[in-house]
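In what follows, a structure is listed as structure tokens, so that the remarks can point back to it.
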Amino acid sequence: MADKKVRTRFAPSPTGFMHIGNLRTALYAYLFAKAEHGDFILRIEDTDRARYVEGAVDFIKRTLSAAGIVPDEGPDDIGGDCGPYVQSERMEIYKEYAVKLVELGHAYYCFCDPGETHTSGDFGGYDRHCRDLPQEEIDAHLKNGDPYVIRQKMPLDGETTYFDVLHGNITIPNSELEDQVLLKRDGMPTYNFANVIDDHLMGVTHIIRGAEFITSTPKHVLLYKGYGWELPTFIHLAPVMGKNEDGSVSKLSKRHGSTSFEDLVNEGYLPEAIVNYVALLGWSPKTTNQEIFSMAELIAAFSLEGLSKSPAVFDYDKLNWVSGEYYKAMGDEEFAGRARKFAGELPDYLEAHWAKLCSLLRTRISHLSEIPREIAFLKEQPAFDAALYTNKRNKVTPEKALELLPEMIELLEQVTEADWNNDALYARLNAYIEEKGLKKGLPMWILRIGVAGQSVTPGGATELLEILGRENSLARLKKSLANLQAL
RNA sequence: GGCGCCAUCGUCAAGUGGUUAAGACACCGCCCUUUCACGGCGGGUUCAUGGGUUCGAAUCCCAUUGGCGUCACCA
């Protein structure tokens with residue numbers, strides 16, 4: 001038999017932000033669909049009126065778009081043949097199918113008040129009070145317009161088994177299954193019901209979702225069977241974890257830091273880099289050791305076999321590395337443009353040398369929000385300890401600094417404004433170094449510390465001199481010398 | 001607690017009965033170098049524990065332990 005066209009879906013509830021775990025689920029569903037030349041559907045599961053967040057649907061669409069995940073079908077302008085793609089707009093459909101399931105004998109009306117206790121001793125769930133109500137009683141309630149819910153009629157014994165691509169056969173005793181509500185008192189379906197109806201009606205062939213649904217899937221399976229529908233293929237993804245202060249791990253959440261796509265973008269991580277990293281969290285390519293992937297490359301490399309069934313810990317170190325790789329591969333001009341708004345207010349001399357500064361920053365930064373810290377010393381010369389003039393390899397000591405700094409200041413004062421650039425300064429200093437028979441690292445170190453005031457800097461001595469400008473540099477050096485002499 | 005899922009370096013992971021147990025991040029060392037970074041080279045650390053099965057087990061089975069999930073008119 002010819003394989004049906006693959007259709008996957010991402011079905012978020014509109015809660016206002018895109019958690020990294022959700023982003024990964026969406027990404028895998030998208031990658032699989034595209035790898036199989038199938039369709040990827042976006043469906044909004046907004047059946048919980050209490051949790052609805054205004055504008056959340058647009059937010060989800062914008063986020064997916066920024067991440068490069070493009071739905072083939074979905075709400076509003078996205079369109080498609082299986083709409084509407086927002087569950088709150090499909091209420092008549094759920095009602096119709098719920099009633100149908102009652103007729104099929106796999107569901108029943110329940111008139112119990114939600115406030116009443118209806119649990120039985122050894123069984124934790126609903127006590128099935130209304131499961132076998134006489135038909136006349138049901139009709140009377142209905143005729144009377146009494147509020148009701150529709151519950152699923154679970155098998156009382158036996159077990160339910162289904163196949164999961166990652167986990168193999170999963171079997172749950174039916175005694176664990178509650179007669180769950182399918183249609184709520186307000187007419188809205190529950191997740192467990194709407195999900196099945198929509199996945200079937202929308203022709204979803206592969207359900208890719210989080211592992212938290214493993215134990216509720218038998219309920220879904222019973223629903224499919226109740227209607228006589230073909231089962232989709234299930235793929236339950238292991239969760240994304242975060243590392244706690246004490247070294248333990250738990251499901252990734254706010255307390256682990258920035259854990260939404262939006263947060264990460266705001267911190268200056270490239271969307272492509274985030275997607276790249278997240279793809280590798282719980283999946284690895286089968287035929288390559290490649291680490292850096294474009295979306296097209298991910299699609300080409302993706303297969304279900306590469307999915308991991310154990311939880312993965314979100315690692316900022318590796319994200320930083322991936323992100324750094326993207327910036328290293330980026331052109332100077334594009335980097336300068338993206339980086340500018342992270343730098344804040346800049347004095348004129350830095351504004352003038354922004355391009356140059358960025359070329360130094362680009363290879364030593366993992367995300368853009370590191371920039372203010374990296375360039376703070378350029379805005380204002382930090383106070384520093386003379387001990388910074390100490391470097392073993394270059395034989396640098398504060399005494400040496402005291403000796404050479406005056407000479408170098410004198411030499412630099414002879415350089416004109418017009419010649420004040422990296423190459424000319426370097427040539428000038430080099431001549432001085434050769435004349436004195438010094439090791440290059442010695443005076444350069446002293447100069448760099450003197451002008452920067454900190455041990456680690458983006459760029460070497462002459463590069464910093466150029467960026468700071470003649471006047472500023474000389475002022476800084478003189479100040480550093482004065483401090484040194486005062487000791 | 002019942003039920004279920006998971007278990008290879010600190011982290012992401014390859015591995016599907018016979019390997020010196022890949023690779024990447026991080027870490028350490030060396031080289032390069034006007035610092036750091038980049039780049040190059042090298043290094044240490046891993047099969048949770050205990051039983052089986054087998055000539056042989058990270059790979060199969062069982063138990064233990066641990067982690068996680070789930071038990072809503074939330075999704």
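Treat the numbers as computed from the prediction; the structure is a model and nothing was measured. Within every chain, numbering begins at 1; the chains are lettered A, B, ... in the order of the sequence lines, protein sequences first and strands thereafter.
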Can you tell me if [X] and [Y] form a side-chain donor-acceptor pair at under 3.5 Å?
X        : Y        : result
A/Thr47  : A/Arg90  : no
A/Asn391 : A/Asn394 : yes
A/Asn195 : A/Tyr191 : yes
A/Asp332 : A/Ser359 : no

Which nucleotide, if any, forms a Watson-Crick or G-U wobble pair with [N], using both distances under 3.5 Å?
N     : value
B/C74 : none
B/C60 : B/G52
B/C27 : B/G43
B/C32 : none
B/C68 : B/G4

Base, sugar-phosphate, or nothing for [X], non-hydrogen atoms under 4.0 angstrom?
X        : answer
A/Thr171 : sugar-phosphate
A/Ala461 : base
A/Met241 : sugar-phosphate
A/Thr462 : base
A/Phe213 : base
A/Thr457 : base
A/Val313 : sugar-phosphate
A/Tyr426 : base
A/Val322 : nothing
A/Ser216 : nothing

What nucleotide, of [options], holds the atom closest to the side chain of [X]?
X        : options             : answer
A/Arg364 : B/C6, B/A37, B/U34  : B/A37
A/Glu178 : B/A13, B/C36, B/C71 : B/C71
A/Val181 : B/C73, B/G69, B/G15 : B/C73
A/Lys440 : B/A14, B/U34, B/U11 : B/U34

Nearest heavy atoms of A/Asn174 and A/Glu159, plus distance in Å: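 Minimum heavy-atom contact is OD1-N, 3.3 Å.
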Distance-minimising heavy-atom pair for A/Leu465 and A/Trp420: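 Smallest interatomic distance, heavy atoms only, reads O-NE1, 2.8 Å.
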Flag this pair as yes if the NZ/CZ of A/Arg151 is under 6.0 angstrom from the six-membered ring centre of A/Tyr126 and inside a 45 degree cone about the axis; otherwise no.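 Geometry flag: set, cation within 6.0 Å and 45°.
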Would you mind telling me which residue lines up with the more 5' stretch of RNA chain B, A/Asp48 or A/Trp283, judged by nearest nucleotide?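 The residue mapped nearer the 5' terminus is A/Trp283.
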Both A/Thr363 and A/Gly282 contact RNA chain B. Taking the nearest nucleotide for each, which residue is further toward the 5' end?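 Result: A/Gly282.
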Per-nucleotide protein contact string for nucleotides 23-29 of chain B (B base, S sugar-phosphate only, - none; heavy atom under 4.0 Å): BBSS---
Can a donor-acceptor pair under 3.5 Å be found between the side-chain atoms of A/Arg393 and the base atoms of B/U33?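 Answer is yes: a donor-acceptor pair is held.
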Please state whether the phosphate of B/A72, meaning OP1 or OP2, lies under 4.0 angstrom from any side-chain nitrogen or oxygen of A/Lys184.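 Indeed not, no polar side-chain atom of A/Lys184 lies that close.
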Is it the case that more than 12 heavy atoms not belonging to A/Lys379 sit under 6.0 Å from its NZ atom?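 Atom NZ in A/Lys379 is crowded, with more than 12 foreign heavy atoms closer than 6.0 Å.
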